[in-house]
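In what follows, a single structure is set out as C-alpha cells and then discussed.
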Amino acid sequence: ETECVLAIPSSTDPESIIDLENTFNSIMDGSYGKPRPKLDEFIDNPTSVNATMAERMREMLADRKRLCIYDKELQTSKLIHIKSGIWEGEFRLLTHFYAFVFFADWKQDLWSKRFVRDHLRLRDEIMCAA
C-alpha cells in the first residue's frame, strides 16, 4: 500500500498548490463535512471522473495519510524516483501509476491515462522476464 498520493496541480500558479493543500487538510481534519475516507466507502460506489476536486481526492486518499504535491521543487528536478513497496529497501513499482497519482484537473487526469494506455508499451523481452 502506498501511503502518499502524488498530487499534480492544475497549473504552475502557486495558488494551485495552495488549493491542493487546503483541500487535503479539510478532508483529513473533517472540516470538509464528511468523515475521513475509508476504502470500503468506495467499493461498488466509485466517484465520477468529473466530480469536484475534493470528492475525487477523498476517494484517492481512502486509507492513506499523506499528499505529496508536485510542487516547484519537483517540477524543476531532472529526475524523480518514486519509491514503492511495503518492505524496507523495496523499490519495484508493481502497480499502475493511476493508483497513486492524483490530478487536480479531471481533464488532465483523463488525458494522461489515455496517453499512457494508447502510446506506452513495454518491450516483450521485459514482460517475458517479469
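Residues: numbered from 1 along the sequence shown.
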E59: partners by salt bridge (charged side-chain N to carboxylate O under 4.0 Å, His left out), with sequence neighbours left out: none

Side chain proximity check, E55 to Y32, heavy atoms < 4.5 angstrom: yes

Check: L20 and F102 side chains under 4.5 Å, non-hydrogen atoms: yes

Under 4.5 Å side-chain linkage, directly or through intermediates, the cluster mates of L110: V49, W106

Connected hydrophobic set around L79, excluding itself, where side chains approach under 4.5 Å: none

[X]: partners by side-chain contact (heavy atoms from CB on, under 4.5 Å), with sequence neighbours left out:
X: V116; answer: F97, L120
X: T23; answer: D19, I27, M53, A54, M57
X: D105; answer: S10, K107, Q108
X: Q75; answer: P9, T12, Y70, K72

Results of side-chain hydrogen bond (donor to acceptor under 3.5 Å, both in side chains) for [X] - residues two or more places apart only:
X: N50; value: S48
X: S31; value: D29
X: S11; value: S16
X: D44; value: none

Aromatic ring pairing F115/H119, orientation class (parallel under 30°, perpendicular over 60°, tilted between): tilted

If you round to the nearest 0.5 Å, how far is [atom2] of [Y] from [atom1] of [X]?
X: I80; Y: L74; atom1: CD1; atom2: CG; value: 5.0 Å
X: L61; Y: M28; atom1: CG; atom2: CE; value: 5.5 Å
X: R114; Y: D109; atom1: CZ; atom2: CG; value: 9.5 Å

Side chain N22, main chain N25, donor-acceptor under 3.5 Å: no

Pairs of donor and acceptor atoms involving the side chains of residues 35-42, under 3.5 Å and at least two apart or interchain, shall be tabulated with distances.
unit_1, atom_1, unit_2, atom_2, d
E41, OE1, R58, NH2, 3.1
E41, OE2, R58, NH1, 2.8
E41, OE2, R58, NH2, 3.3

